[in-house]
Structure formats: structure tokens, C-alpha cells
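Contents: one structure, followed by commentary.
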Amino acid sequence: MQGNSKFTTDLKPVWCRGCGNFGLYAALTRNVFPSLGLEKDKIFVVSGIGCASRIPGYMDTYGLNGLHGRSLAIAQGAKLARPELTVLAVGGDGDFFSIGAGHLPHAVRRNFDITCIMVNNFVYALTKGQTSPTTPSAPPGDSTFLPSRSYPPVNPLLDMLSYSVSTEASFIAQSLSTDIPHLSRILTEAIAHPGFSLVGVLSPCVTFNPPHLFASIKDNASYLVEGEPVKLPETTGRNSWLHDPGDMAHAMALARIPITEMPFLGVLYRGAGPQ
Amino acid sequence: MQGNSKFTTDLKPVWCRGCGNFGLYAALTRNVFPSLGLEKDKIFVVSGIGCASRIPGYMDTYGLNGLHGRSLAIAQGAKLARPELTVLAVGGDGDFFSIGAGHLPHAVRRNFDITCIMVNNFVYALTKGQTSPTTPSAPPGDSTFLPSRSYPPVNPLLDMLSYSVSTEASFIAQSLSTDIPHLSRILTEAIAHPGFSLVGVLSPCVTFNPPHLFASIKDNASYLVEGEPVKLPETTGRNSWLHDPGDMAHAMALARIPITEMPFLGVLYRGAGPQ
Amino acid sequence: MVLLGSLLQRLAALQGYCGQMPRYYGAQIRGGATAIRLSFDIERPSLPHDIPDILVCFDFSQYHEIEDELGLGAKSAVLYDGLVPSHFLLPDTSLPVNFDEISQSITGSPRNKNIVALGTLARMLPLSMDDARAAIDEDGELRVVQRNLPAFLAGVELVDGLSLPVLELSPAADQRPRVLLHGNSAVAEGAVRAGCRAFFGYPITPASEIMQAMEEALGPLGGVYLQAEDEIASAGMVLGASLTGMRALTATSGPGLDLMTEMLGLASAAEIPMVIVDVQRGGPSTGIPSKSEQSDLGHAVCGGHGDAPRAVLAAWDIESCCRLASESVNIAEEFQTPVILLSDQWLGQTVIAVHEDMLKAGPALRQRKRPLGDHQGPYQRYAWSDDGISPMANVGDKGFTYQTSGLTHDEEGRPAFDFQAHQRCHEKRHRKLETLKDRHDLVKVMGAEDSRAGIIAWGSTAQVVIEVMYDLDLQKQVKICLPELLCPLPNKVQEFMDNLDTLLVVELDFSGQFHAYLRSCLELPARTRIYARAGGRPFSRTELAGVLTEFADAG
Amino acid sequence: MVLLGSLLQRLAALQGYCGQMPRYYGAQIRGGATAIRLSFDIERPSLPHDIPDILVCFDFSQYHEIEDELGLGAKSAVLYDGLVPSHFLLPDTSLPVNFDEISQSITGSPRNKNIVALGTLARMLPLSMDDARAAIDEDGELRVVQRNLPAFLAGVELVDGLSLPVLELSPAADQRPRVLLHGNSAVAEGAVRAGCRAFFGYPITPASEIMQAMEEALGPLGGVYLQAEDEIASAGMVLGASLTGMRALTATSGPGLDLMTEMLGLASAAEIPMVIVDVQRGGPSTGIPSKSEQSDLGHAVCGGHGDAPRAVLAAWDIESCCRLASESVNIAEEFQTPVILLSDQWLGQTVIAVHEDMLKAGPALRQRKRPLGDHQGPYQRYAWSDDGISPMANVGDKGFTYQTSGLTHDEEGRPAFDFQAHQRCHEKRHRKLETLKDRHDLVKVMGAEDSRAGIIAWGSTAQVVIEVMYDLDLQKQVKICLPELLCPLPNKVQEFMDNLDTLLVVELDFSGQFHAYLRSCLELPARTRIYARAGGRPFSRTELAGVLTEFADAG
Ligand SMILES: Cc1ncc(C[n+]2csc(CCOP(=O)(O)OP(=O)(O)O)c2C)c(N)n1
Ligand SMILES: Cc1ncc(C[n+]2csc(CCOP(=O)(O)OP(=O)(O)O)c2C)c(N)n1
Ligand code: SF4
Ligand code: SF4
Ligand SMILES: [Mg+2]
Ligand SMILES: [Mg+2]
């Protein structure tokens, strides 16, 4: 897969075969960067620590695989200092939602032109399978997913979408690493967006996720198309509406529907860049 | 003011005369603890660092004035280890929203029975007047409030309510430190609530806040009463509704109205305790 | 590979063999290069030798990633599957074995090649086949072998079929089955034995197994366990639980330890018992996460702003992982202080098979000094006393209350802003740890008592140094000092130095942190040499044999 | 009180007087006890004497909170307002003055008592009244005095009215006005002079003024300034900005430094220039935030897991705050390394009046080694070179790209997992800093060159030691070594030690961290004494006079 693009290095990714990170890698290096006409020496990819965070090493741009949870801090410093750079902050659900959860709302409110790519594989993969804040909890005894490791058990999972919707990120979208064309379109738009953009990439971990997780995500996925009716899960008992990414209240309503019930793919919200 | 309650120590608070923290102090020691019939040796007050965080020192309970931003971590450890304790985490807007912002959503989702009291004086007071995430930004040249100290300027302020609404804290309320009866009622209910409760206490800093800030907060305040119509700012152009703290969508709508436009006082949301 | 090693070690352990199985990882996330080494011993879990008798390799294309750490001798019997890279020189004793194919043909899948190889190795060692068969039928952990018994038997038969060499293995000292555990589980075991009932942590290689072991142990015990959102929170939760009287622990590795620095200072300042286990890995920064180094010493001892005294202990083998974990909990409780227990990747992830009773003799439980119910006047959380230790009420205890903070405080715990109070706080916190300097039992000295040539080492390095001393029969020529308590450093270490003409300091870190630390608090012999290098590859017997021989000869 | 001191210092500075004004705070948040001391000198900003000639006290009920740090002599002229507590013994030269009432009657508010007292003090010193009147009319900063001129004049008249003593003040060396600044603004000044154009920080006492000064300086310069959400983020942002080629700074105090530990390690591992200023306060933990201590040395030097080399510098007076801030930026850039500049509350918050040219002679700007445009083959971010320093492309530079991380890496910056690469990374990072050991200019030596009795001190303590040496005329008897570069420690310090029979180490921290550090890397004279105590009260001349005299006599 690598070597096909001027944006790749000759380093072989260490990811497991079939890992969702390959999809993100392909989307960025083969579609997104070329289609935006970016120069590789004007791209800076900062990541945290984790499987997803390995990505800068494989891209022939400026890249830093930094510290767990801190990509946004480093990215903001670089962007402020050199505004002509295209700055990406990439990491996992653990990076952005657990150890780095305190940086995200501040990056959002500053609204600098940074694209934050949160690779959500619902698990701590690099450290071999612990629960992350996005891990769906399993009833005790159900071994198909990770137990909620806590006494007493912790239930509700953190939903990055509602989290960032609440702080009103100026661009919020979600895609799937196995749908490379869709992911490429979303990322292209996110990078082109003049303010802070947050893209959640649902991404199978073939090693630590139970296979049914991604099967069900694909089955339940609802693609958002501007101006068309939104497909809602039946349980909501709500009438559908025409999708309007300019409407924060609608974005919030979408965000409140758990990912495990119906993951929305597309642009949830598109607001203004910094004034 | 102190010395009137069995819950006070003989230490004289170091707060400036007229500081809002005296209101919180009076509410807790004279009204809330007595009315809940709490034993002082079953209360643990953990705070961060800041003016508000000085409060444990003045209360004759178990208390720890810990580290800036970390009260929730310590509080959760104590509550898990000794569930019969009444555990309060107290701090400032800097404590919970800036340096400690990463801990709040996790405390929320764990939903342990802890009461988090966020004393919002819209400023870093103890360190003498820097902007906090809740500081309203002033147009350049307007010296009545703090300049937004940043190049480029950072505008949107973090709203703790929408932040915690988004992560669905199981009890969310706001009050005013100068309205001791209201504050006492709210805190009493918050402590009695069986899950995680978050109370924002709007609290004048007489030293670093411009006086007009609290005048306007009091003027614009809208008291929420269950079952009665909600007073909304005219700019929303929305119809009012009957206040129902059980409705998260309504809570979210309230939370999206900026505090500086209309601060809502009362219980915004009341959900379930941990299952 | 880890599975094969584990099964073989288990099979041997059930027949009474001790042994040690360190692990080695390459760069790949999963399915990449992994290796284990495995020793069998009849008495104790000795270190594997540098040159293996048998090497099994499933994939030479990955071998080179960790070849450096594995070693291969002209007489090693090499069994390999798949292609051999052309530049690669194999010893004459090498033989291709189609584990893959055999597994495929017998079980319908190549994935059971481990089981085939297990049979081959069990026979080559040789283990008793009757006992092995019985164990496979009875032992729950060997169920996977039972399910694939034909593969196992095919592996056994390979030995005769291919005329593979059969080694000579002394009979086990006794047939009592051995306990299997790695250093990380030994730490958890020790902590739980010492009454620890609360664990808060955040995953990090190579410490995560402590978290996992604590989760498994605390569930049934009704303890408290939580995976926190980060290391700052884990450490904070430990303090919260500890304040209520619970013995609480966290475990991490370098990067996490960095993040706990501020909490460590609070624990020291406010005198809150807390234990942090640091399973060291190659640093600085992310470094080499899956390999050992001893480079967190400086931070463990001096890390954090202000003068924040703490105790630092260091495990050096798996028995001491357990014992010193108990000791750490005890010291934290007795002295109301943070304690850092240093371990490392090698210790943490090496599995040993060991006599059960080796782990039995833990230290007795020590208690926090508690206030009497009938205290006069207001309770003074930080009351002065000769030993510097004040009676500590647990948060929630009936009849007491106190307020405290990381601020300088008076005896009642109220903030104080004057020099006298400040100086007294420092004095109290330092003084109470002074008595630890008399803990002679926490400094091991072995070798020639009268020798004037001494070697000092700590942590897993000490284990290699000791083995090599015995390998080379140097125990009549030199002596070794191995402090288990590093801070405050027991007086016994100075006594050791006082009787030396020459000293050799051996440590697995680039800059010689241990030497610098010793020098900062002791008088060292004028003729002191250091052998220090970066981690990333553990010391081998061969490497240290050279170093020790030279030292003993020159000494 | 701070206002009164500032105005008086300004008034005197405009007449050519140098001087130093340290600040003292009690526990109250605002409006509580505050005090300043103020010296006037015709040549240099000397330290105030322990016993003031004049003491003005507005409120004795708050005086006791900081009395400890202020000092009062039998001959001090005490002017006080309000009641004197009955137990309090005033010198005979004391006089009640109703500053409050006078202010009330003249300006309609007691709030201008400062201005009244200013008039009194200006007259007592005495300053030239003509020049003072002219300055009040012209100087923007003195506008508040101009607006309340009658109050000022009433204060002046009090001197005759009450027959207050008038001191003798030597005429200033020259009448050129002096620059007023505190150590924190001097640091900002130095950083900006050295080309620093980016600042990221988080408020903390006593470092916040650096943030403020940087904000003020960088706005007009079109620099980058941001108050981050915490210290981890500030440090991370510094690294981000620095990677793009901007010289970037952050400033904090102990607790914030703790939180930056992990980022510091990343900067060291990935060789990213970064400057952290640590304005030390009393520790551990929150400690005494508004008072000085020198107890962050251990962390500055050894803090952080792994072997993470960095440079550590220490300012000791306000001139060096400025000069060494420039130096720190230079070293960070030249050596691609994190640099910690240690200051402290005393230095940071003391305002000095000083000759403008004292600050002028900063070091020349040093540049990052940059790759040439025509590099052969792929750009090697971490190319080997004799001095250990590789050409660094800035992120965004045309024609280059590289990937790096805190992982052990090869010359191109790609992750490496083998021992050789790991050892080489360590070697490179350590080696490049070795040349700093030749920076003899960063070690000041004064006093009797041939003496075999030496004193060593660092930071603001050194300033007191030096003043006391001259006070006591000991400069013919002892010599003083004052390292400005603490890590790596220049060889010149060992040379200093080599010529001594006796050494005295003076430091303001309880455990003697400086002594331990020196011992860890140097051979110290056999007769070495330490004078160390907790901070919370700065060393006074009197206190150190005793210590130095005893040492000189015994030495
Ligand atoms: C301070 C710190 N704590 C812990 C770790 C260990 N660690 C590495 S990656 C990781 C989490 C990985 O999960 P995620 O961020 O979701 O990324 P993924 O591997 O799933 O892509 C952790 C905890 C670390 N590197 N640094
Ligand atoms: C790690 C750390 N960073 C910075 C500080 C300095 N500090 C003390 S209080 C405070 C902020 C105070 O603001 P807030 O939390 O809103 O409390 P307030 O004083 O306004 O009540 C800061 C930054 C600290 N104590 N610790
Ligand atoms: S462990 Fe999971 S996330 Fe990591 S590389 Fe393998 S498949 Fe991908
Ligand atoms: S500074 Fe403000 S918040 Fe702090 S004590 Fe004074 S009035 Fe209260
Ligand atoms: Mg993940
Ligand atoms: Mg505040």
C-alpha cells in the first residue's frame, strides 16, 4: 500500500494485518494530501502514543510521534508559530479522551486551523487491550467484549462527538477507516476548513476488538447527506429531519445517539473559522 | 460569620472582604451540613488550589487543600475506599476547567456519589487576575474586563454547564454565592443526590472582577422553577417551555445560552444515580 | 512463542523444575518478533545461560530483530521452520523441522505448531513423558495441549524420527510442583499480602500486568480497583483512598512516573502513605518501551520540586518483587510517606517457576500509628514526636477531624507561612525516615567477607552479577553489596565501602546514575570503577564475566 | 506598601540612585500583610541592610506576620500609624504619625496615606526636593503623586513639623536616571533580546510576572503568546513552536515544573530546543508559594525518568536574570536541548534600580546548526557528527522533511529498537553537552585567589554571600565560587576545589541538595562544611556574617 504516494516513507508500518490504521494511512497519503495539492514540507503531523499515533513515521512529511495525549499542545504551538503549515493532530481514543481529555476543549475553543483525527478503535490497542473511555461495557460474564474493569463498574462511555459538540468545535465529522473514499472526502474537507476540525475515524482493531463490533458498526451506520433526511434509530421515536450541518442543535441531537446504536458518518457540524 | 456553626474552625478566612467565597462557606457550614444532619467526621472536603480551594481549612470536617486541578481524583479515591463518607470536591473555574479539565468528564461518567462545587468567579483570583477559561473576553481597548491574553485572541469561553451536560452528569445545577438561601437549597439537594452532582456557584471576586460583572449577572439571572415557564433571553427567539429537570434535551438548550447573557439558577438536570 | 515457552515451563514446573523465562520483543505491534529464553534448574530459578542448548526458531526473517539479545553457540541444537536467509550462518547442529506442516496435517491448521514443538522439546530435555501425559490431562492451564494431543505426540515422535539429540536433565530435587509467576504478578502478590486493597492505575508497558493482577486479586477480596483516566489521576486516587486508611498502590513506568511527580510531592508534604511501583524501561521519553534499563533512579530519588523525602526500594529478582512490595506497603504505612518500588521490564515480564515457600516468608504487617480515642484538646494530625511520626486519624474515623494540605503547616495541619513552621516541617519529614538507615536487612552482602574488593549493583543487574560471581567461582575473591533499600541508603552500605580498597559499580544506564547517587551520599574507595551502559539489551553472563574477571584480577 | 516603595524607588532612581527592593507577603490573599525593604546605593543595586534606618508601618497588627523577615534595630526610626500591640517593644526613636488622618483631611480619603508617607521619606533621606518636584510633574509613572501633590507636600512638611531625623545620603555617582525592573522582567528582557518570540505559560506565583512581561513584549513584536490550559500544554506548545524554528520559552514554579517533566524528557530525547524558567518558591508541594527556597535543584538536574540530559543555569542577581535568560536561549538553540533556568521568588520579585548599561552587554546570538540546501541523500535529522550536534531543519522548511519521536531512533529519526541505536542516542545527547564544561565564563570566582579556604554558593544565596564577604572585608581571606551553569558543571568548579583545604557550601534548602550534587560529580576537599536550612526566610547579612566569620577563622 505504501510507496504508492510521494507522501509515504519506505518504512513498513508495524500495524497488524487488516488494521484500520492502514485505511487512514491510504486515505491521507494517496487521496487527501494530493487532492489538496499540499507540499509535503508544509505538512506537520503530530501524534500521541498508540497504534494510530505511529502514523507520522510512515509519511514523508514533517512528523512527530510525541507523548501520549499531548499531540494537540504541540500542534497548537507549531501552528501559531508557523501559520502556513497544514497541521494535523492524530491519535487514539485513549490519547484524546483519556489522558489528553483536558486539552481537547481548549483546542476547540481556540479554534486554530488544526485538524484533529481521533482514531477510535474503542480500545487501548498498543498496550494490548485495556478498556478506553469509548469501550462499550459488557455485562459481567460476556466475554465478547472487554469487561468494564472497575469496582464498582463504570458504565457510560464518553462520546467524543457530544463532548466536542458541547464545546462547539467549528467542524465535527465522523467516518470509517474501511470506507476510504468517504474518509478521504471528510478529511479533505476537514483540512480545508479554516478553523479547528475534529474527525472521528471509526477504525477496527483486528487484534483486540471483537469482530462483531465493526460488523455492527458497519451495519448500523447512517450516512449523513446534506439536505437529505437523517436516518435515525427506531428507538428514538423522533421524527427525522433534513440534515443541515450548519445547525448546532441538530448536531447535538445526533451526538446524543450512542455510537453503538447508530454511528453517523459524515459532517455533523460545520461552523465558522476563527474571527 | 464563622464560629456560628459546629462545622467551622477558629481559623479566620484569608479571603478579601466581600468575597463570594464567604457565601459558600456560610451556606455549607450553617445551612447545608446541619440540615442534612451530617456528622462532621463523616464529611471529606477536597479542594484544589485557588481562593475557593482554601475552604477546607475553615471547616471542622476532614479536609484537604490538595493540588491545583486534582480535587476530583483524590475525592474519587476516598469515596471508593470509604463509601459512607460525604465527599465534596471544591475548586475554582481554573481548577475544574483549565488544568483539571481532563478529570471532570471522567468523574461525570463514573457517576460516583460526589458533589463537585465549581466556584466560578470568571478569573484566576489567587494568582492575581489572569484570564480563566470562563473569563468573558473584552474587546481590545475595553479596560473594564481582562483582555483576552493571547495572540491571536481566543474568544469563546468554556461553559461548564454545556460541558457537563454533554457528558451527562447526573445532577447539574447553578447558583449564586450571594443568594445564600438558594445556594443552600441547591447544595443540599446536590449532596443528597445519589450520583455525581455538579454545582456551579457564580461568585463575585471583589478584587479582580469588574463590579459590573456581578451586577449584570444578578440582573440577568433567571431562576428555574420546576413546572414553571423558563424565562429565556429575548435574543433566542424561542418559545419558552415548562422547566423539567428530567429532560436532558432541555438542559442542553439552557446550557447553550451563554452565562453572560442569561445565567440560569436552579437545577438544570436531575438524572439517575449509579445503577 | 510465548505460549510455547509458557507451556513448556509449566510442564517442567509440574515435575519440580525451577526456571526463569525472560521475554524479548521486536518492533511490531502484534505478530511481530517475539522470543523467550528458558532455563531449567533443580533448585532455584537461575538465569538462562547466554548460549542455549536448544534454539527453536519459527521464522528467521524476524529472528534478526532480536538476535542481539538471544545468543547462539556452535553447539546449540537449532530447530527451525521456513527459509534461512542466505547470509545467515547456522551451527552444524541445525535441522529444519516442518512444525507448520505437521501441525497443518494433524490439526488442520498451522496454528498448533507450538504444540508440536512443545512435544519435541519435552522429549529432548527430556521430561518424564508419563508425568507429562498425566499433567496434560489434569492441569487446567494445559487444556490447549490436551485438545491438540495428537500434535503434541507428533512432536514427541519427531525426536526419534529425526534423531534429535536428547539432553541430560538432572532429576528435580523434589517433585512438588512449582509456582509460576512473573515479577509483575509477584509485586501484586506482595502488595496484597501486605494488606493492600486498593489499586488505581493507567496502562503502560511493561507495568500493565501489575494492574491486571491487582484487578484479578482485588475483585474477590472486595477491594477497590479502577483504571483511571491518566497517571495523575491514578496517583491522586491512591492518596484519596490512603487518607481513609486503605492501603493503596499504583504501578507505572517512566512516562507515568513523570506525571505522578506532583502528587508524589503532595504525599511527601502532607505525609500520606502511598506506594508507586515503577517498572523501568528504556528511556528517556518513550525510549524503548519493551526493554529494560535502570535509568529512573535519579528521578525516583530526587524527582520533584522542593525537598520531598520519600523511600525508594528496588527489587532485583522475582522473590524480592514480592517481598519488597510488601515491605514498600509497610514502610509507606509506618512512616506515612510515599514509597517508590523500582522494578524493570526484565523482572516484570520474566516468568519464573519456583518453590512455593520461596514467596511465603513475607515481612510482618506494620500498622499506621493511630491516635488514641481519648486525645486531649484538638487532635493534632502533625503532632511532634521524637521519631517524627504522628498519630494519623483516617478520614472518616469517628471523633476526629483535621484539615491539611500541601502547604507548609503547623501541628494541627493549618497553613503556616513562617520560616519556623517551614523548617520544622522539613525536619519532621526528613527525621522520620532516618531510622530506615538502620534497616540492615535490606542490604544483602555476599561473597568473601574479608575481601577488600567489592562490587555494588542494584535491581536486576545485581541478579546477573551474583550469578556471574558464582559462575566464575569468585565468591572467595570479591564481595557484593546489593542494597534493596536505596533511599534513604542504609548505613550498612557505608560500612561495606569502609572496608574496601577497590569498588566496582555495575549498572544498566548510560550516565552512571547509581554511581553518582552513591557518591552523593557516601565516601567511596579511591579506586572506584564503573561499568555502565545503556539498556535495551540486558547484561549477559558473558559480558559481565569479562568485567568481573578483570576487576577481580586487578583488584 | 508596594506602591509606596515603588514610588520612592522611582523617585530616587530618577536622581541616579541604584537600589534593591525585595517584597514580603503574609498569608492573606489581598490586603493582608505586605512589606518591602529598600536600599539606596550610588553605584550598584546593593542588598538592603538587615537593620533599616527607617521603618514605616501602617498596621502593627499585620506586622507580626512577616516581622521575622524584616528586622528592626535600636536605632531605626520607626514611623507608625495606628495602635501598637501592648507586648510590642518599640525603639526609642519611634514616633506615631497619623498618615491615615492626614490623607483623609487633605485628599478626602485615607487611601492616599502612601503619598503622604512618600513625601516624608523623600525628605528624610533626603532626596533633592527640586528634582523630585520636577520628576513628579514629568514622569508618567509618578502621575498618581502629581494628582495628590498636596498629600505629598504635607508628608514633606511632617519632617520639620515632627522634627523627624534627616539622614545623610551621598550624592549619586551621576544623575542619569536608573532603570527599574524586577528579576522576572529581567528574564523576559533577556529572552526577548536573545530572539525569543514565543511564550506559552500558565499562571503561578512567583513566576507570573514573566508571563505578563512576555505578553507585553511580544505583542508589539508580533510574537506568539498564549496562556495555555496547564503547564503540560505550555511545555508542549513550546516544543511545537520551537520545532518550526521559533525561539520559545515558558516560565513556571515548582509545581508547574513537576508537570513539565515528561515534556522535558521528550525535548531531551528528540533534541528540541526549549527553555523553562523555574522561579523557585518554598517546597515541597504547595509549600510557601510567596517565599524563596533553592530546593528545585535536584529536580532540575535529575528530574525525569530515563537518562535525559539537559542544561541547568542559575541566576543569582537581577543582571544575571537577564544575561542568563539570553544565555539559556542560546544554549537551547546551539545544543538543541532543553535548558532550565533557575531563579527564585527573591530574585523574581525584587525590583532594582540600576544603570541602564548594566543590562546592555548580553551574549551574542547563537544559531541552530542548519542543514545545507544541497544535502546528499535523504536528510538525516540526527546525523552523527563529532560534536554530537546535527543540522536541524525547521518544520516547514522547504526541501526537507523528517519524522521523529521520543522513541529511540536512528540517524534519520526513524524508530529503532536495538541496543546499538539506543546506546548511540544516549552517547550523542550526552556528548554534545560535554563542551559546555569548558564555559569558564559561566563560573564566577572572586575573593582571594590564593586562599585555600573557599566558599561555594549558587542563585540568590550567592548574592548575599558576596555582599557579606565584602561587608566583613574577607575578600583577602577567602574566595568564592559561583557557578552560573550548574549542569553540566564546568570543569572550572573542580579546579576551584582542587586548590582548597576547606570548603563551605551555603544553600537555602533543608537537605543540602547543592552539596549532594557537587559531591556526586566532583572531588570536594576533605574538610567540607555545609550551611543549609529551609527557605521561607531569605538569608540575612547578619546570619551569614556569623557563618562566614566562623568559617574564615577556622579555615
Ligand atoms: C504517560 C503515558 N502513559 C501511558 C502510556 C502507555 N500507552 C501507550 S499507548 C496507550 C493507549 C493507547 O490507546 P489509544 O490512545 O486508544 O491508541 P491505540 O493504540 O488504540 O491506537 C497507553 C496507555 C504512555 N505511553 N505514556
Ligand atoms: C500546577 C500548578 N500550576 C499553577 C498553580 C498556580 N495557581 C494557583 S491557584 C491558580 C488558579 C486559580 O484560579 P481558580 O482555580 O479559578 O481559583 P480562584 O482563585 O479563582 O478561586 C493557579 C494557576 C498551582 N498552584 N499549581
Ligand atoms: S493492535 Fe489493533 S490497532 Fe494496533 S496495529 Fe494491531 S489491529 Fe491495529
Ligand atoms: S481575590 Fe477575589 S476570589 Fe480571592 S479572596 Fe479576594 S475577592 Fe475572593
Ligand atoms: Mg484506541
Ligand atoms: Mg476562579
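FYI, side chains are in, hydrogens and waters are out, and symmetry mates aren't considered; it's all heavy atoms of this structure. Quick note on labels: first sequence line is chain A, next is B, and so on, each numbered from 1.
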Q | 4.5 Å side-chain heavy-atom contact, D/Thr261 and D/His299 | A |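 Yes, at least one pair of side-chain atoms sits under 4.5 Å.
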
*Less than 4.5 Å apart, any side-chain heavy atom of A/Leu72 and any of A/Ile74?*
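Of all side-chain heavy-atom pairs linking A/Ile74 with A/Leu72, none is under 4.5 Å.
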
Is chain A contacted by the side chain of [X], its backbone, both, or neither, given a heavy-atom distance below 4.5 Å?
{"X": "D/Asp230", "answer": "side chain"}
{"X": "D/Ala198", "answer": "neither"}
{"X": "D/Phe200", "answer": "side chain"}

For chain D, which candidate among [options] shows the most heavy-atom pairs at distances under 4.5 Å?
{"options": "A/Leu85, A/Val45, A/Asp60", "result": "A/Asp60"}
{"options": "A/Lys79, A/Arg82, A/Met59", "result": "A/Arg82"}
{"options": "A/Leu67, A/Val14, A/Leu64", "result": "A/Leu67"}

Among [options], residue most engaged with chain A (heavy-atom pairs, under 4.5 Å):
{"options": "D/Thr401, D/Leu243, D/Val238, D/Thr244", "result": "D/Thr401"}
{"options": "D/Leu266, D/Asp397, D/Leu239, D/Ile232", "result": "D/Asp397"}
{"options": "D/Gly396, D/Pro415, D/Gly265", "result": "D/Gly396"}

- Item | Carboxylate-amine/guanidinium proximity below 4.0 Å for D/Arg424 and D/Glu411 |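 Yes, this pair counts.
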
Flag the pair D/Lys432 and D/Glu427 as a salt bridge only when some basic side-chain nitrogen lies within less than 4.0 angstrom of an acidic carboxylate oxygen.
->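 No salt bridge links D/Lys432 with D/Glu427.
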
Report yes if the distance between the aromatic ring centroids of A/Tyr269 and A/Phe171 is under 6.0 Å, otherwise no.
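They do not qualify: ring centres at least 6.0 Å apart.
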
### Task
Test D/Glu333 against every option in D/Arg366, D/Arg368, D/Arg370, D/Lys369 by the salt bridge (Lys or Arg N to Asp or Glu O under 4.0 Å) rule and name the one that passes.
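The option that passes is D/Arg368.
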
Residue of the set D/Glu271, D/Gln403, D/His409 for which side chain to side chain contact (heavy atoms under 4.5 Å, CB included) holds with D/Arg381:
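One option only clears the test, and that one is D/Glu271.
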
